[in-house]
Amino acid sequence: MTGLAATSRGTETVAANIANVMTPGYARREMSLSAQSLGGQSGGVRIDGVNRIVNTALLSEARLSYAARSGSSDLAAFFNMVENAVGLPGETSAISTALTQFETALIDAASRPDEDLRLLKVVEAAESLTDRLQQASRTVQDARTAADISIDTQITALQSGLEKVAKLNKQIAGFSSSGQDISSLHDERQAVIDSISDIVPLRVVSRDAGRVSVFTAEGAVLLDGLTPAQLSFTPAGQFTADMTLGTAGVGGIVFNGDEISGSGLRLFEGGSLSAAFAIRDSHAPQIQAELDSLAYDIYHRFADPATDPSLAPGQPGLFTDAGTIAAPLPSLGFAARISINATVTPAGGDIWRLRAGINAAGPGPVGDASLLDGMSRALKAVHALPPGGHLSGRHDASGFFAKLESQIAGRRISAEADATLHETRAVSLSERLMADGVDTDSEMQRLLQYEQAYAANARVIQAIDEMMNTILRV
């Protein structure tokens with residue numbers, strides 16, 4: 001009879017394994033048996049229990065790889081988005097293409113400075129160039145806003161997950177002493193921990209009574225015992241270029257009552273949470289500073305009295321800072337504010353000022369192309385950025401544009417290579433976990449073995465029954 005009970009329990013275990021092959025957090029079950037003795041003689045089999053089969057070392061490495069994959073994927077997506085906004089050389093939407101079109105319009109206007117239509121083309125090309133710079137700047141700040149919102153969402157999810165693990169710890173510890181089967185609670189806890197392992201790389205340590213403690217890979221205690229750490233975050237709302245870490249509203253994580261930011265966030269380094277902070281506080285501000293430097297270079301070239309003699313030192317030329325004089329570098333967010341001088345726009349100014357000078361008293365000779373030629377030479381002039389610039393080297397205007405596009409493309413390629421590496425590792429570890437999990441072929445073989453064992457036990461009982469009947473008839 002013990003054999004029949006064991007095979008029946010084993011069949012139930014196999015059925016549960018097959019039914020939960022795709023259930024998150026489910027660990028394969030195996031029944032543990034031992035010989036049962038009665039009076040020193042063999043007395044059948046004893047069911048010692050049903051064990052969860054989990055490779056804890058492999059599971060830990062897989063969780064770390066999931067966090068690395070999530071963080072690197074987010075960074076790759078960010079750099080890809082920025083590259084799309086800035087463009088690559090030759091692309092229609094690239095800011096370097098807008099500069100080339102502006103240069104072409106200047107050359108074309110210089111060939112016939114008396115034609116207002118050609119001068120208007122210069123204004124339109126200049127406005128297109130400023131629009132591209134402004135759009136790229138908006139893309140960067142929108143990415144910071146999205147990262148800030150993502151941080152808030154992830155902190156909420158992490159706090160909720162830790163509270164669920166703490167609750168399951170308490171339930172597991174309570175039911176363990178009663179001898180009940182708590183495998184399903186272990187499965188649920190594993191699924192919860194897996195669900196937050198993308199946010200922060202986690203280390204899980206087993207404690208007494210079936211409880212676990214949870215730490216970040218860098219050592220921050222998230223859960224030790226039954227009380228989870230308290231994490232919170234206050235989003236800053238819509239970001240602008242002048243909003244940097246430390247300014248009002250731009251903060252870090254409040255961890256057990258203490259705010260941590262900057263270098264302190266290394267305790268949470270490695271997952272999608274740290275990637276969001278890196279985008280908000282490091283990568284996006286760096287790209288914004290480079291865009292500002294690029295915009296300032298264009299502004300500075302046309303604000304030089306050597307280019308336009310009608311200008312006094314310090315006055316804006318063809319380009320302005322939202323209609324005013326630009327502050328020296330670093331001028332935070334200048335790329336979002338660069339605009340055309342209203343004195344040359346058809347709506348509020350005189351188109352002839354492109355030919356005669358921004359501050360010229362009159363239209364001057366209609367065939368004079370010296371200023372337009374000077375503007376073209378200004379774009380070709382090779383120099384370094386003023387102090388405070390974030391693009392190194394000595395270049396002409398197109399050289400600085402090409403340098404920025406090249407740097408962003410390089411970062412995107414590096415981020416995608418890193419994401420591919422972590423994706424490959426995560427997939428490999430996931431496949432190994434699956435191999436250690438439920439294998440339906442193996443489970444079907446075990447089911448056949450249990451059926452054969454059941455049939456053998458049933459045949460023994462039938463033989464005993466026939467023997468007893470024979471003895472009774474005698």
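Because the structure is predicted, anything quoted here is derived from the model rather than measured. The figures that follow rest on heavy atoms only: side chains count, while hydrogens, waters and symmetry mates do not.
- For the atom pair Ser261 OG and Asp281 CG, the distance stands at 8.0 Å (nearest 0.5 Å).
- Here the closest non-hydrogen pair linking Met81 and Ala143 is CE-CB, 3.4 Å.
- At least one donor-acceptor pair closer than 3.5 Å links the side chain of Asn84 to the backbone N or O of Asn80.
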| Between Leu379 and Phe302, does a side chain to side chain contact (heavy atoms under 4.5 Å, CB included) hold up when you go through it step by step? | CA-CA 9 Å; Leu379 291 174; Phe302 287 86; 3.6 Å; yes
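- For Glu218, there are no salt bridge (charged side-chain N to carboxylate O under 4.0 Å, His left out) partners at least two apart in sequence or on another chain.
- With values rounded to the nearest 0.5 angstrom, Ser195 atom OG is found 11.0 Å from Gln190 atom CD.
- Side-chain atoms of Ile253 and Glu259, non-hydrogen and from C-beta on, never get closer than 4.5 Å to each other.
- Heavy atoms only, all atoms of each residue included: Ala335 and Ala295 are closest at CA-CB, 3.9 Å.
- Counting only distance, with no hydrogens or angles, the side chain of Thr216 and the backbone of Leu267 share a donor-acceptor pair below 3.5 Å.
- For residues 128-151, the pairs satisfying salt bridge (charged side-chain N to carboxylate O under 4.0 Å, His left out) are Asp148-Arg280, with sequence neighbours left out.
- Thr240 and Gln141 form no side-chain donor-acceptor contact under 3.5 Å, judged by distance and modelled atom types alone.
- Atoms CG and CD1, on Leu162 and Ile196 in that order, are 4.5 Å from each other to the nearest 0.5 Å.
- A salt bridge does not link Glu163 with Lys167: none of the charged nitrogens is closer than 4.0 Å to a carboxylate oxygen.
- Residues Arg411 and Leu75 form no side-chain contact, since every pair of their non-hydrogen atoms from C-beta on lies 4.5 Å or further apart.
- Pro285 approaches Ile279 most closely through the heavy-atom pair CD-O, 3.7 Å.
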| field | Leu59 vs Val204, side chain to side chain contact (heavy atoms under 4.5 Å, CB included): CA-CA, chis, key distance, verdict | value | CA-CA 10 Å; Leu59 180 60; Val204 179; over 6 Å; no
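- Put simply, the side chain of Ile95 does not reach to within 4.5 Å of the side chain of Leu99, judged on heavy atoms.
- A salt bridge links Glu61 to Arg203: at least one charged side-chain nitrogen sits closer than 4.0 Å to a carboxylate oxygen.
- Between Phe102 and Thr130, the closest side-chain pair of non-hydrogen atoms is not below 4.5 Å.
- Once rounded to the nearest 0.5 Å, the distance linking OG of Ser96 with CD of Glu405 reads 3.5 Å.
- Side chain of Gln159 to main chain of Leu231: a donor-acceptor pair is present (N/O by atom type, distance under 3.5 Å, no hydrogens or angles).
- Contact check for His390 versus Gln286: no side-chain heavy atoms found under the 4.5 Å cut-off.
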| Step by step, would you call Ser430 with Tyr66 a side chain to side chain contact (heavy atoms under 4.5 Å, CB included)? | CA-CA 9 Å; Ser430 180; Tyr66 298 158; 3.6 Å; yes
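- A salt bridge does not link Glu103 with Arg301: none of the charged nitrogens is closer than 4.0 Å to a carboxylate oxygen.
- Taking each heavy atom of Leu64 and Pro201 in turn, the nearest pair found is CD2-CB, 3.6 Å.
- Taking the six-membered ring where tryptophan is involved, the planes of His283 and Phe78 are tilted, since the angle between them lies from 30° to 60°.
- One N or O on the side chain of Thr324 and one on the backbone of Asp321 form a donor-acceptor pair closer than 3.5 Å.
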| message | Determine whether Thr320 and Ser339 satisfy the following criterion, side chain to side chain donor-acceptor pair (under 3.5 Å), listing intermediate values before the conclusion. | response | CA-CA 5 Å; Thr320 70; Ser339 58; 3.0 Å; yes
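- Residue Lys164 qualifies as open at atom NZ: its count of foreign heavy atoms under 6.0 Å is 12 or below.
- Side-chain N or O atoms of Arg337 include one that pairs as donor or acceptor with a backbone N or O of Gly333 at under 3.5 Å.
- Side-chain contact between Phe401 and Leu129 is present, with at least one heavy-atom pair separated by less than 4.5 Å.
- Of all heavy-atom pairs between Val382 and Arg394, the closest is O-NH2, 3.4 Å.
- Using a 30° and 60° split on the angle between ring planes, His300 and His383 fall in the perpendicular class, above 60°.
- Under the ring pair (Phe, Tyr, Trp, His ring centres under 6.0 Å) criterion, Phe334 pairs with Tyr299, sequence neighbours left out.
- A heavy-atom distance below 4.5 Å is not found between the side chains of Val254 and Asp258.
- The closest donor-acceptor contact from the side chain of Thr424 to the backbone of Thr420 lies under 3.5 Å.
- With ring centers used as reference points, Phe233 lies 6.0 Å or more from Phe268.
- Judged by distance alone, the side chain of Ser65 and the main-chain N or O of Ala62 form a donor-acceptor pair under 3.5 Å.
- Between the side chain of Ser197 and the main chain of Leu202, no donor-acceptor pair closer than 3.5 Å is present.
- Using a 4.5 Å heavy-atom threshold, the side chains of Pro228 and Val165 count as separate.
- Gly251 and Phe277 make their closest contact through O-CE2, 4.0 Å (heavy atoms, listed as atom of the first residue, atom of the second, distance).
- Once rounded to the nearest 0.5 Å, the distance linking CD of Gln154 with CG of Asp74 reads 7.0 Å.
- Checked by atom type and distance alone, the side chain of Ser274 pairs as donor or acceptor with a backbone atom of Gly270 at under 3.5 Å.
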| query | After noting the C-alpha distance and the side-chain angles of Leu185 and Phe175, does the key distance pass the side chain to side chain contact (heavy atoms under 4.5 Å, CB included) rule? | reply | CA-CA 10 Å; Leu185 293 177; Phe175 289 132; 3.5 Å; yes
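- Classification of Arg207 and Asp224 as a salt-bridged pair holds, one side-chain N sitting under 4.0 Å from a carboxylate O.
- Rounded to the nearest 0.5 Å, atoms NE2 (His422) and OG (Ser70) are 11.0 Å apart.
- Thr145 contributes no side-chain N or O that, together with a main-chain N or O of Gln238, makes up a donor-acceptor pair within less than 3.5 Å.
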